[in-house]
Amino acid sequence: MNELKTLSNDNLRVLISQTEDTLAELRAELDLRDARAQERELDNLDQHMESAALNLKSIQDFLHYLIEEARSSRHSS
């Protein structure tokens, strides 16, 4: 940071401009990566939905099993 004190105002302005340009490029790259990640997730949405449906079916089957077991236990008591 001490070297900043030795820069002229013009050089400091140039450095600020370069830094702002670099920051804009970095933000654009991050936005692009985020957009690509979202696209990949959307492309895989069918798989996610299929997996969720299978998980829901497993839960439903398990609940039906528990209900039948509870009914059987009440009837045999």
Side-chain angles (χ1 to χ4, degrees):
M1 280 300 201
N2 286 339
E3 63 272 2
L4 290 178
K5 293 178 182 179
T6 62
L7 290 176
S8 68
N9 286 351
D10 287 339
N11 286 343
L12 194 53
R13 284 185 184 93
V14 168
L15 183 59
I16 289 170
S17 178
Q18 290 172 342
T19 302
E20 288 172 340
D21 291 345
T22 301
L23 184 57
E25 289 174 19
L26 291 171
R27 285 188 174 133
E29 177 64 23
L30 185 57
D31 290 344
L32 182 63
R33 289 181 186 188
D34 287 344
R36 286 180 181 160
Q38 286 179 351
E39 287 174 11
R40 281 192 303 276
E41 289 303 315
L42 287 174
D43 289 344
N44 295 327
L45 188 57
D46 287 340
Q47 284 180 310
H48 293 309
M49 293 302 291
E50 211 172 285
S51 178
L54 288 173
N55 289 337
L56 180 58
K57 177 74 172 121
S58 296
I59 293 169
Q60 288 172 331
D61 290 346
F62 181 66
L63 290 174
H64 287 288
Y65 169 79
L66 290 178
I67 291 168
E68 290 302 317
E69 284 294 311
R71 286 180 182 159
S72 295
S73 294
R74 275 193 251 148
H75 291 282
S76 63
S77 298

Rounded to the nearest 0.5 Å, what's the gap from [atom1] on [X] to [atom2] on [Y]? Could you check?
| X | Y | atom1 | atom2 | answer |
| --- | --- | --- | --- | --- |
| Asn11 | Leu4 | CG | CG | 11.0 Å |
| Leu15 | Asp10 | CG | CG | 12.5 Å |
| Leu63 | Ser58 | CG | OG | 11.0 Å |
| Glu50 | Asn44 | CD | CG | 11.5 Å |

Under 4.0 Å between a side-chain nitrogen and a carboxylate oxygen: does that hold for Asp31 and Arg27? no
Looking at Glu68, is its backbone amide N or carbonyl O close enough to the side chain of Ser72 to form a donor-acceptor pair, meaning the two atoms are under 3.5 Å apart?
yes
Review point. Has the side chain of Ser17 got a donor or acceptor atom that lies under 3.5 Å from a matching backbone atom of Arg13?
Key: no
Contacts satisfying salt bridge (Lys or Arg N to Asp or Glu O under 4.0 Å) that involve residues 33-42 (not counting sequence neighbours) are Glu29-Arg33
With sequence neighbours left out, the residues meeting side chain to side chain contact (heavy atoms under 4.5 Å, CB included) with Glu20 are Ile16
